[in-house]
Every structure is written in C-alpha cells, then in structure tokens.
Amino acid sequence: MNNIILIDDRKQRKSDHLNLNQVTRLLNCVECKEALPSFDHLIPDEYDFDALNGYDIIAIHRSYLAQNGLMSSFSKYMEKSKSYFILFSGGFSQNVISNKSKLLKINSIDFYSERTISFFEKYSKSVEKSDSYILLNILYGKDWKLPLLLRSRLLLWKYYRKIESTYRSDLDEFQKRVNKTNEDNEKMQELRVKLNNPSTHFSLNSILQTEDVPEIEEIDNLKNLFPDSSISFIREEIKKMFINK
C-alpha cells in the first residue's frame, strides 16, 4: 500500500468543502493530522522533515508552513525527497505543477474535491509505486492527457498566429526591397544601353565606379521564411540583375 499524509491545522476546512460522506472516505484512506509528526512549535527551526520519509504523497496547507517559519526547510527537504508534494491554499489563483513534477500547488477548493478523494482511495490501495503522472491525475483526473493536449493545441495556435504576423511583416519588407531592386535594375538597363552604343566611350568598370549601384544587403528576416539554400538562391538572382552578360 502507498502511504499518504495530509496536514491541515484547521480541521473545519475539510467540512467547508466536503460533505460528511466525503470527509469519512478521506479519513479512511489518508492519514490526516493537524500538525507535522513530532513537531514542536516552540523550536520550529529544529524540525526534521525526515519524519515524513515513509510517505509517498505529502499534502500540507501552505499557511501552516508559513506561519511556523518552515517554508525554507520544507523546500530543501522537498529537493532531496523522492516523495510527491501537494501545497494547497485558498490563496492560490492557479493550479501549477513544478519542481520537476514533484510539487503541485493547488487551490483548497480544488484539493478538497471528489476527484482528489477518488484518486487517494485508489492510490492508497495500490501496490504499485508512484509514477511521474501522479500529480497530473490529482489535478485533472484519469483523463489528464486530454486537457494537456487541448492546452498544447491552443499554445500552438497562438504560436502560429504570431508567426503568421511576423511572416506578413517580413514579406511586406521583402516586397519593398524587390520593388527597390526593380527600380535599380531599370537604371542599370539604361546604363547598359549606353554601353552598347559605340559612341559611348565608357567601360562598365568606370560606370560602376561613378554611378550609384545598389548594394546587395543581407536579408536576415528571410531566415524565418525560407531555408538557407533558398536565401542563397534569392541573393544570387538579385546579383545577376547587376551583371552584364
């Protein structure tokens, strides 16, 4: 069996969120206490959290730790422990899993719920050791993969909308460059006509040295749109515009 301990210094909190049947079921599958095992509130700095080593899941009300000055030592213990931890509080506006999936911060209303009790009942009777999806099961239930996939889909949608906006901006800039290149190309064509005229006694080199020839600028933004090979091809095509074959 897997051992679960729940520490809440205010017993009434369970009744605030659960009915009598749910409270009874919770007490039957979880070791509920109002204080840490062997804790002496007169010397809180000397408390040894190793007293919790025998538990697979450790749920504690955050205010209890904060009011007794135990947050720092608790965090240090959590880092070295192999257990899973739940900090619940009415002050949490979001439910978050952190610390390499070992810590769940959850609002008290969501913690004291039928979903949590059902999971504790099943988990406490299981002979299997804990896995990395325990806290996801507590937070989302047995179908925990679904909300994660929906969230990923939403994030991808937002990401591609942002990329699309960036692409449009880059394409607009690229079009401006193309238009400018076309104008410059027309100027070069005029110069080539003059060069082909026998009455003109200028060489291409002298013209290139005296006339304003547009430079081939690095189009860095295109890296977001095309592979490097495509960028090279585009650059070469632009260069050809200024070469008299």
Closest approach of Arg25 to Ile117 (non-hydrogen atoms, all atoms of both residues): NH2-CG2, 3.7 Å
Criterion side chain to side chain contact (heavy atoms under 4.5 Å, CB included) on Ser118 and Lys142, from CA distance to verdict: CA-CA 10 Å; Ser118 296; Lys142 63 179 181 179; over 6 Å; no
Side-chain donor/acceptor of Lys102 to backbone N/O of Ser81, under 3.5 Å: yes
Same apolar cluster: Ile109 and Ile60, side chain cutoff 4.5 Å: no
Set of residues satisfying salt bridge (Lys or Arg N to Asp or Glu O under 4.0 Å) with respect to Asp50, sequence neighbours excluded: Lys80
Contact check, side chains of Leu36 and Leu70, non-hydrogen atoms, under 4.5 Å: yes
Derivation and outcome, side chain to side chain contact (heavy atoms under 4.5 Å, CB included), residues Arg10 and Tyr64: CA-CA 9 Å; Arg10 192 164 70 85; Tyr64 173 78; over 6 Å; no
All salt bridge (Lys or Arg N to Asp or Glu O under 4.0 Å) counterparts of Lys122, not counting sequence neighbours: none
Contact check, side chains of Tyr112 and Leu6, non-hydrogen atoms, under 4.5 Å: yes
Residue list, side chain to side chain donor-acceptor pair (under 3.5 Å) with Asp9, at least two apart or on another chain: Arg13
Set of salt bridge (Lys or Arg N to Asp or Glu O under 4.0 Å) partners for Lys11, sequence neighbours left out: Glu34
For residues 86-97, run the donor-acceptor check on the side chains, cut-off 3.5 Å, and write out each pair with its distance to 0.1 Å, sequence neighbours left out.
| unit_1 | atom_1 | unit_2 | atom_2 | d |
| --- | --- | --- | --- | --- |
| Ser89 | OG | Gly91 | N | 3.0 |
| Asn95 | OD1 | Asn107 | N | 2.9 |
| Asn95 | ND2 | Asp110 | OD2 | 2.9 |

Minimum side-chain heavy-atom gap Ser113-His17 below 4.5 Å: no
Leu135 CG to Leu104 CG distance, which is reported to the nearest 0.5 Å: 5.5 Å
Tyr47 side chain vs Pro37 backbone, donor-acceptor pair below 3.5 Å: yes
Rounded distance (nearest 0.5 Å) linking atom OG of Ser83 with atom CG of Asn3: 10.0 Å
Closest non-hydrogen atom pair, Ala35 against Ile7: C-CG2, 3.8 Å
Pairwise distance CZ(Phe49) to CZ(Phe74) - rounded to 0.5 angstrom: 6.5 Å
Any donor-acceptor N/O pair, Thr116 side chain to Phe111 backbone, under 3.5 Å: yes
Verdict with supporting geometry, Asp56 and Lys82, salt bridge (Lys or Arg N to Asp or Glu O under 4.0 Å): CA-CA 8 Å; Asp56 299 281; Lys82 295 182 179 180; over 6 Å; no
Any Lys145 side-chain heavy atom under 4.5 Å of Leu136 side chain: no
Full working for side chain to side chain contact (heavy atoms under 4.5 Å, CB included) between Asn99 and Phe85: CA-CA 10 Å; Asn99 289 56; Phe85 298 86; over 6 Å; no
Point-to-point distance, once rounded to the nearest 0.5 Å, from OG of Ser73 to CG of Asn68: 10.0 Å
Min side-chain heavy-atom separation Phe119-Ile134 under 4.5 Å: yes
Counterpart residues, side chain to side chain donor-acceptor pair (under 3.5 Å), relative to Glu46 (two or more places apart): none
Test item: side-chain donor near acceptor, Glu79 and Ser75, under 3.5 Å: no
Heavy-atom closest contact (Asn53 atom, Tyr77 atom, distance): OD1-OH, 2.7 Å
Glu31 and Ile4: CA distance, side-chain angles, deciding distance, side chain to side chain contact (heavy atoms under 4.5 Å, CB included) verdict: CA-CA 6 Å; Glu31 184 176 345; Ile4 307 169; over 6 Å; no
Rounded distance [0.5 Å steps], CZ in Arg115 versus CG in Asn137: 10.0 Å
Tyr84 OH to Ile58 CD1 distance, which is reported to the nearest 0.5 Å: 12.5 Å
